Enquirer: 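Quick one: this structure, given as C-alpha cells, is what I'll be asking you about.
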Amino acid sequence: MQDKYQPAAVETAAQQHWDSTDAFRVTEDASQPKYYCLSMFPYPSGKLHMGHVRNYTIGDVLARYHRMRGYNVLQPMGWDAFGMPAENAAIQNNVPPAKWTYANIDYMKAQLKRLGFAIDWSRELATCTPEYYRWEQWLFTRLYEKGLIYKRLGTVNWDPVDETVLANEQVIDGRGWRSGALVEKREIPMYYMKITAYADELLAALDDLPGWPEQVKLMQKNWIGRSEGVEVHFPYDLSTIGHAGVLKVFTTRADTLMGATYVAVAAEHPLATQAAAGNAELAAFIDECKHGGVAEADLATMEKKGMPTGLRVVHPLTGEYLDVWVANYVLMGYGEGAVMAVPAHDERDFAFATKYSLPIAMVVRSTRDAYEDTVAPWNDAYAEHGRLVNSGKYDGLHFQDAVDAIAADLDAKGLGAKRVQFRLRDWGISRQRYWGCPIPMIHCADCGDVPVPDDQLPVVLPENVEITGRGSPLAKMPEFYECSCPKCGKPAKRETDTMDTFVESSWYFLRYACADSSTAMVDERVNYWAPVDQYIGGIEHAILHLLYSRFFTRAMRDCGLVNVSEPFTNLLTQGMVVAETYYRELDGGKKQWINPADVAIERDERGRIVSAKLAADGQAVVIGGTEKMSKSKNNGVDPQSLVDQYGADTARLFIIFAAPPDQQLEWSDSGVEGASRFLRRVWNYGHAFVTETRPALPAERKLASGDIPSALADARREIHTHLKQANYDFGKHQFNTVVSAAMKILNALEKAQKDLAASAPAAHAEVAEEGFSILLRLLSPITPHICHALWVDCGFGTDILSTRWAEPLEAALKQDELELVLQVNGKLRGNIKVAADASKSQIEALALASEAAQKFMEGKPPKKVVVVAGRLVNIVV
RNA sequence: GCCGGGAUGGCGGAAUCGGUAGACGCAGCGGAUUCAAAAUCCGCCGCCGCAAGGUGUAAGGGUUCGAGUCCCUUUCCCGGCACCA
C-alpha cells in the first residue's frame, strides 16, 4: 500500500480490475430483482462538459448503491448522434457530419471510461448508425399504416436568402442567424405523429407516477392542457362572404357568448385569403403577419395587431352580424385558426378591442368584486366566473348552468356542441435537414405516398455529402432520391426530409435491452429490463423528451413490441452546472468574456470578494454574475483538466457534495480542493489503519457483546447515527448530505484514534475496523476507486462491489439519557437532561424546576407546558 | 406573455411531520510545526453588543405555545414554450 494517496495509480488499477472481471456486464436473471438505471444519453458535441459529468455521476451513484443492495443493475450508455451541431460543424470546418460525429464519440467515450462509471459497454449504441435507425424507419412504416402518422401542412421558419428552414434558435430578432434575412413563415407538407390520440391516457397516467417529481407532472399536465368547452359555429354572412359555410371556434367561456362582439382569424385562414384578394391594404397586413418566427414566446409577447376584413359572420344565438378581423396573435395551427372575441371578459380581447375601438359588451358580473361595467383599465375580476347579465334568457345563470344552457341551445340549432379540447398538438417530425434519420416514404405519381417495404430497409443516409448551409443536401442528390415505386415499379421520388432527432431519443432506452438484435427492433429481453427503474437527466427535458418517450412507449406497446406503458418509473431531474462570469467591456459596448481560471480574486479580511483582476495583466475585470457554463460566456471548466489534476474520485466527490442533485451546482475551485483534501484524509486514515490499528485487533472480538469503554461506545453510536442518517438521505437521493455523513464519520474515527487508541487499543481497533468498513461502503458509490483500493488493502474483502450495504445496529444506537431543549415562551433558554424513558410529567417537572426556567419565568405561573418527545419543552407563562 | 421552479452567513449548502437556524465543507482570522514555504494539526467564525441579551432564513403581512417550513401580497433569479439537445 502506498503511504501517500496517488489517485491516478489507484484509479487505473481499479478500472483494470473492473475491465478484467467484466464487472458491469449484465444479463437477464429472474432470480434477482432488476434495477435499470439510465442517464440521458449525450449528444456527441466534442468533449464532455460538466453537466454530463454531473448527470453520469448521479446515475453511477444510484447504480452502484443498488448493486450493493442486491439488485441486478443495468447501466448502459450510448450516443444521441443525429442533430444540427454536426451540420454546423460541417459548414464551419468542412468535415462530413458522420466523420465529425464518430470522432467525437471516440473521444467522449474515453473520457467516460476515465471517470470510472459502472457502464455495460456491450450495449453501446449510436443513433446515427443504420443498425439503429433502420428500426426507427421500420416502426415509422408500421405507425403510418396504423394511421398514427399522417401528412399535412405545417408552419416553419423560412430563410429566403439561404433557402432553408431554420430552427427557432436560429431565428434571432426575426432574422436568419447566418444570412440576416427577414424570416418568413411558410407552410410546407410535413409528417405528423398523432400524439393527441394518446392525450387522455398520457394525462391520466401521470397520476400513477409517484416516482416523478410533482413539478414535472404538473408541467406535463399543463402542456397537455385538457379543457372542456364548447365548439361554436358562426354561419357565414352570404352578403359579404358570398358562399355558405361556418366559422368554427372553440371556447371554454361559452357563458360569455352573448358578449362576443367580433371574431378573429389567422392570417393564413381561408377567409383572410378571400378578403385579401380585393384589398391591397389587407394583403399587405397579412404579408406582414407572415414575417417573424413561429416560436410561441415571440407570438405571446409581440404587439397584438389586426385589421378588419369587411366580411361578417352571424352570431348563432342572436342572429346579429359580427365583423371578421385578421389578427396576428391567432394561429392557423392551433384549433380552428379562429377565435371569438369577448372583450368584456378576456384580457387579450379587451386590449385589442380598446386599441381598435371595437364594442365591449359586459355579460358577466363577478360575485367577488362589485363593478357596474367593464371599463378601462382592465381588472382581473372581469375574467372571473359569475352571474350572467345582459344575456336575455340566460340572465341570472351562473357559469356552469350558463354553459350548459347555451351549449344545449347551440346543439338544438346544429350550431355547436360541448367538446373536449387539448392544448397538446400533434408532433411534426419532418425536418428539411441532412443529418437525421431518413423518412422511409416514396412518392409515386400514380400510387401516392408509399412506405418503403421492410426488405428495402434501411434507407441509408449517404455519408459523403457537401454541407453548405443552403437548401437541403438530400434534395440535391438524385442518387439518393431517384427510385422506383414499390407498388407499381414506375420511377418515383424518395422523401428527402429526415426525422426530428427527438424520435431517436424516444425509444433508445428500450433498445438498450437488446442492442445487438439484428432481427427485431426489440426482442423479449425488453420485457425483463423495461421499464427504466431510475431515469436521470436535466430538468430542461421535463416536457418534450419525456412526453414523446411516454407516447412512443405506448405506440410501441400497441404494436405489440413491449408490455409496459410508462417508460420511466422514477425520474430524477438534475440541476444545471453554473459558474461565475467575468468580462471586460470593449469599445462599442461589446463584452469580452474572460475565463474564471484566468482571474485572480481579491478579498477583504472577512473573505468577501472586493475585486477581480486578470492574472495576465493585473487589470480589473467586471464580475458578471453566476450563469450556466457555456462557450458563449467563456465560464466553462473542462472536466478533463480536473480529472487530470485531481483524479476521477475527487471530481465525482465534489460534484456530489456541492449541491443536492436537483438543484443547480455552483462551480468552486476551492471546493474541489476540499474534496481532494478529504480523500487524502481517508487514505491517510486507511494507511494508519493497516499499519497501526489493525495489528491491535484482539483475537476474540468483543464488540457484539457491547463490552467496550463508554467513550468508545459513544464514538460507535455517533458512527451508526451518521450511517442511519446517510441511508435515509440515500433513499431520498440527497447525496450531498451522504457525503456530509461520511465526513462526520471520518471526524469521529480520527477523534477516537487520537483520544482512545493509546488507552484502549484493542477496543479502539474493533470500533475503528467496523467504522472504517462502514465509511468505505458508504463512499464507494461516490468515490469507487479509492474505496476499492482501501477495501482490499485493509483486508475487508477482495471486492467491495460484491459487499453488502451497511446497516446501522440498534444495539450501537441505544442511549440512556437524552438532552432536551428548554424554551420559555418559545425562546431558547437552556437544556435539560432526562432519562431516555422519562414520562411526560417527569419531563415537565424537571423543566419547571430547572434554573433557566426559574430565571426566565420571572415568578409567573406556567399557563401551558408543551413537551415534544425527544426534542424540547416549551413553558408558556 | 403563459406554464413550472428557486431565494437561508463572505460562499456551497443542512435543518426528516411546524420544534435548538446555520450541520458538513469552502473562504477568512488566530495559533502550533518549519530556517522559510507548502502540506498538516489545534482553535475561532451570522449580525449588533464589553456583557446580559437582542436580532436574523428575499421584502411585507397573517395563523400558531412555537414558522426557513403553512396561508396571503410583492420583488428578483432560473428552466420550458413544440425545429438546440
Side-chain angles (χ1 to χ4, degrees), chain A residues 40 42-43 45 80 83-85 156-157 165-171 213-216 218-223 225 294-302 329 333 348 423-433 500-502 505 538-545 547-548 573 575-576 578 601 603-609 625-628 657-660 662-675 677-678 680-681 684 725 728-729 732 734 736-737 739-744 747 754 819-823 825-828 831 863-866 868 871-876:
Chain A
M40 289 179 184
Y43 178 79
S45 55
D80 187 12
M84 239 173 30
V156 295
N157 303 306
V165 175
L166 298 177
N168 285 335
E169 73 158 11
Q170 295 174 315
V171 179
E214 285 305 322
Q215 117 215 37
V216 174
L218 193 53
M219 280 192 265
Q220 290 217 348
K221 189 181 169 207
N222 292 338
W223 185 263
V294 299
E296 192 190 88
D298 296 336
L299 298 168
T301 49
M302 72 183 177
Y329 63 85
R348 191 173 59 179
R423 203 187 80 96
L424 180 69
R425 313 197 301 262
D426 278 338
W427 175 16
I429 57 162
S430 293
R431 297 290 179 271
Q432 298 68 43
R433 301 190 193 289
D500 180 2
T501 56
F502 269 126
S505 57
I539 182 71
E540 66 273 19
H541 295 290
I543 294 173
L544 291 180
H545 163 59
L547 192 62
Y548 291 149
T573 49
M576 295 179 306
V578 300
I601 300 294
R603 293 168 188 277
D604 67 10
E605 72 285 352
R606 277 205 161 118
R608 284 182 291 228
I609 294 172
T626 314
E627 303 207 42
K628 180 176 175 174
F657 182 53
D662 55 353
Q663 274 179 42
Q664 72 171 28
L665 184 155
E666 193 167 318
W667 193 260
S668 153
D669 286 326
S670 51
V672 173
E673 286 283 353
R677 192 177 308 152
F678 173 69
R680 277 201 300 276
R681 276 174 60 205
N684 292 341
Q725 182 65 49
Y728 176 83
D729 292 344
K732 59 173 182 168
Q734 190 172 289
N736 56 325
T737 50
V739 175
S740 296
M743 288 171 167
K744 289 175 191 174
N747 289 347
K754 190 162 73 83
E819 194 165 90
L820 301 186
V821 163
L822 176 67
Q823 293 182 339
N825 286 339
K827 290 195 186 215
L828 174 66
N831 293 290
K863 272 191 213 155
K864 186 173 176 181
V865 180
V866 181
V868 182
R871 291 245 176 221
L872 62 70
V873 186
N874 185 18
I875 299 168
V876 185

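These numbers come from a predicted model, not from an experiment. Lettering follows sequence order; numbering is per chain, from 1.
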Enquirer: Just compare B/rA85, B/rG1, B/rA23 and give me whichever is closest to any side-chain atom of A/Ser740.
Expert: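 Within the option list, the nearest is B/rA23.
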Enquirer: Tell me which nucleotide among B/rG19, B/rG79, B/rU16 gets nearest to the side chain of A/Ile539.
Expert: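 Looking only at heavy atoms from C-beta outward on A/Ile539, the closest nucleotide is B/rG79.
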Enquirer: Which nucleotide wins on minimum distance to the side chain of A/Phe657, given the candidates B/rG19, B/rC81, B/rG25?
Expert: B/rG25
Enquirer: Name the orientation of the base relative to the sugar in B/rG9: syn if the glycosidic angle is within 90° of 0, else anti.
Expert: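 Here the answer is syn: the torsion falls within 90° of 0.
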Enquirer: Please determine if a side-chain N or O atom of A/Arg677 lies less than 4.0 Å away from the OP1 or OP2 oxygen of B/rA27.
Expert: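 Answer yes for this pair, as a side-chain N or O of A/Arg677 is under 4.0 Å from OP1 or OP2.
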Enquirer: Give A/Met576 one of three labels, base, sugar-phosphate or nothing, depending on what nucleic acid heavy atoms sit under 4.0 Å from its own.
Expert: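 If one applies the 4.0 Å heavy-atom cut-off, A/Met576 turns out to touch the sugar-phosphate alone, with no base involved.
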Enquirer: If you take atom types as modelled and just measure distance, does the side chain of A/Asn222 reach the base of B/rC3 with a donor-acceptor pair under 3.5 Å?
Expert: no
Enquirer: Assess whether side-chain contact (heavy atoms from CB on, under 4.5 Å) is satisfied between A/Asn747 and A/Arg681, documenting all intermediate values.
Expert: CA-CA 10 Å; A/Asn747 289 347; A/Arg681 276 174 60 205; 2.7 Å; yes
Enquirer: Pick one for B/rC17: is it syn, with its angle within 90° of 0, or anti?
Expert: syn
Enquirer: Base, sugar-phosphate, or nothing: which does A/His545 touch, judged by heavy atoms less than 4.0 Å apart?
Expert: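 Touches nothing.
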Enquirer: Check whether any side-chain nitrogen or oxygen of A/Gln663 sits under 4.0 Å from OP1 or OP2 of B/rG6, and answer yes or no.
Expert: no
Enquirer: Reckon A/Gln215 touches a base, only the sugar-phosphate, or nothing at all at heavy-atom distances under 4.0 Å?
Expert: sugar-phosphate
Enquirer: Holding to side chain to side chain contact (heavy atoms under 4.5 Å, CB included), I want the full list of residues that pass it with A/Val821, two or more places apart in sequence or in another chain.
Expert: A/Gln823, A/Leu828, A/Asn831, A/Leu872
Enquirer: Give one of base, sugar-phosphate or nothing for A/Ser670, where a contact means two heavy atoms less than 4.0 Å apart.
Expert: sugar-phosphate
Enquirer: Which part of the nucleic acid, if any, lies within reach of A/Ala675 when heavy atoms closer than 4.0 Å are counted: base, sugar-phosphate only, or nothing?
Expert: nothing
Enquirer: If you find the nucleotide of RNA chain B closest to A/Val216 and the one closest to A/Lys744, which residue's nucleotide is nearer the 5' end?
Expert: A/Val216
Enquirer: A/Arg423 has an atom CZ; how far is it from atom C1' of B/rG1, in whole Å?
Expert: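 That distance rounds to 12 Å.
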Enquirer: Can you list the residues that meet the side chain to side chain contact (heavy atoms under 4.5 Å, CB included) rule with A/His541, with sequence neighbours excluded?
Expert: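 A/His541 satisfies side chain to side chain contact (heavy atoms under 4.5 Å, CB included) with A/Met40, A/His545 only.
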Enquirer: Touch check for A/Ser430, heavy atoms < 4.0 angstrom, all strands: base, sugar-phosphate only, or nothing?
Expert: base
Enquirer: Which part of the nucleic acid, if any, lies within reach of A/Leu547 when heavy atoms closer than 4.0 Å are counted: base, sugar-phosphate only, or nothing?
Expert: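 Contact class for A/Leu547: none.
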Enquirer: Provide the distance between the two C1' atoms, one in B/rA21 and one in B/rU55, to the nearest whole Å.
Expert: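 One C1' to the other, the span is 13 Å.
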Enquirer: With the side chain of A/Glu666 defined as its heavy atoms from C-beta on, choose the nearest nucleotide among B/rC11, B/rA39, B/rU16.
Expert: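 In terms of side-chain proximity for A/Glu666, the closest of B/rC11, B/rA39, B/rU16 is B/rC11.
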Enquirer: Is A/Arg431 close enough to B/rC83 that one of its side-chain N or O atoms is under 4.0 Å from OP1 or OP2 there?
Expert: yes
Enquirer: Nearest whole Å is fine: how far is B/rC81 C1' from A/Lys221 NZ?
Expert: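 The answer, rounded to whole Å, is 19 Å.
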Enquirer: Within the structure shown, what part of the strands sits under 4.0 Å from A/Gln734 by heavy-atom distance: base, sugar-phosphate, or nothing?
Expert: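 Sugar-phosphate contact only - A/Gln734 comes under 4.0 Å of backbone atoms but never of a base.
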Enquirer: Picking from B/rG13, B/rA82, B/rG4, which would you name as closest to the side chain of A/Met219?
Expert: B/rG4
Enquirer: So what's the dot-bracket for RNA chain B: Watson-Crick or G-U pairs under 3.5 Å, [ ] if a pair crosses, | if it pairs off-strand?
Expert: (((((((..(((......[....))).(((((.......))))).(((....)))..(((((..]....))))))))))))....
Enquirer: Across the strands shown, which category fits A/Phe502 at heavy-atom distances under 4.0 angstrom: base, sugar-phosphate, nothing?
Expert: base
Enquirer: Could you give the CG-to-C1' distance, from A/Leu218 to B/rG80, as a whole number of Å?
Expert: 13 Å
Enquirer: Spell out yes or no: do the side chain of A/Glu296 and the base of B/rC2 have one donor N/O and one acceptor N/O closer than 3.5 Å?
Expert: no
Enquirer: Look at the side chain of A/Ala658 and decide which nucleotide, out of B/rG19, B/rA82, B/rG12, has an atom nearest to it.
Expert: B/rG12
Enquirer: Give the rounded distance in Å between these two atoms: CD of A/Gln664 and P of B/rG80.
Expert: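 Rounded to whole Å, this separation is 13 Å.
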Enquirer: Considering only the P atoms, how many Å lie between B/rG12 and B/rG80, rounded to the nearest integer?
Expert: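 My reading of the P atoms in B/rG12 and B/rG80 gives 22 Å.
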Enquirer: Pick the nucleotide of RNA chain B nearest each of A/Arg871 and A/Lys827; which residue has the one closer to the 5' end?
Expert: A/Arg871
Enquirer: Taking only the side-chain heavy atoms of A/Ala297 (C-beta and beyond), determine which of B/rG19, B/rG1, B/rG79 contains the nearest atom.
Expert: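 Closest of the options to the side chain of A/Ala297: B/rG1.
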Enquirer: Measure from the side chain of A/Arg681, starting at C-beta and using heavy atoms only, and say which of B/rC41, B/rG19, B/rG13 lies closest.
Expert: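 Output: B/rC41.
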Enquirer: Considering only atom P, compute the distance from B/rG60 to B/rU69 and round it to an integer number of Å.
Expert: 13 Å
Enquirer: Check every strand shown and say whether A/Asn684 touches a base, only sugar-phosphate, or nothing at a heavy-atom separation below 4.0 Å.
Expert: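 The answer is nothing, as A/Asn684 stays clear of every strand by at least 4.0 Å.
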Enquirer: In whole Å, measure the gap between the C1' atoms of B/rA14 and B/rG9 for me.
Expert: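 About 13 Å, rounded to a whole number of Å.
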Enquirer: A/Asn831 side chain N/O closer than 4.0 Å to the phosphate oxygens (OP1, OP2) of B/rU20?
Expert: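 Negative; the distance criterion is not met.
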Enquirer: Would you indicate which nucleotide in B/rG79, B/rG19, B/rC84 comes nearest to any side-chain atom of A/Glu540?
Expert: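 Nearest to the side-chain atoms of A/Glu540, counting from C-beta on, is B/rG79.
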Enquirer: Considering only side-chain heavy atoms of A/Asn168, which listed nucleotide, B/rC65, B/rC24, B/rA82, is closest?
Expert: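 The closest nucleotide is B/rA82.
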Enquirer: Nearest whole Å is fine: how far is B/rA67 P from A/Asn825 CG?
Expert: 12 Å
Enquirer: Classify the nucleic acid contact of A/Leu872 as base, sugar-phosphate or nothing, counting any heavy atom under 4.0 Å across all strands shown.
Expert: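 Answer is base: heavy atoms of A/Leu872 come under 4.0 Å of a base.
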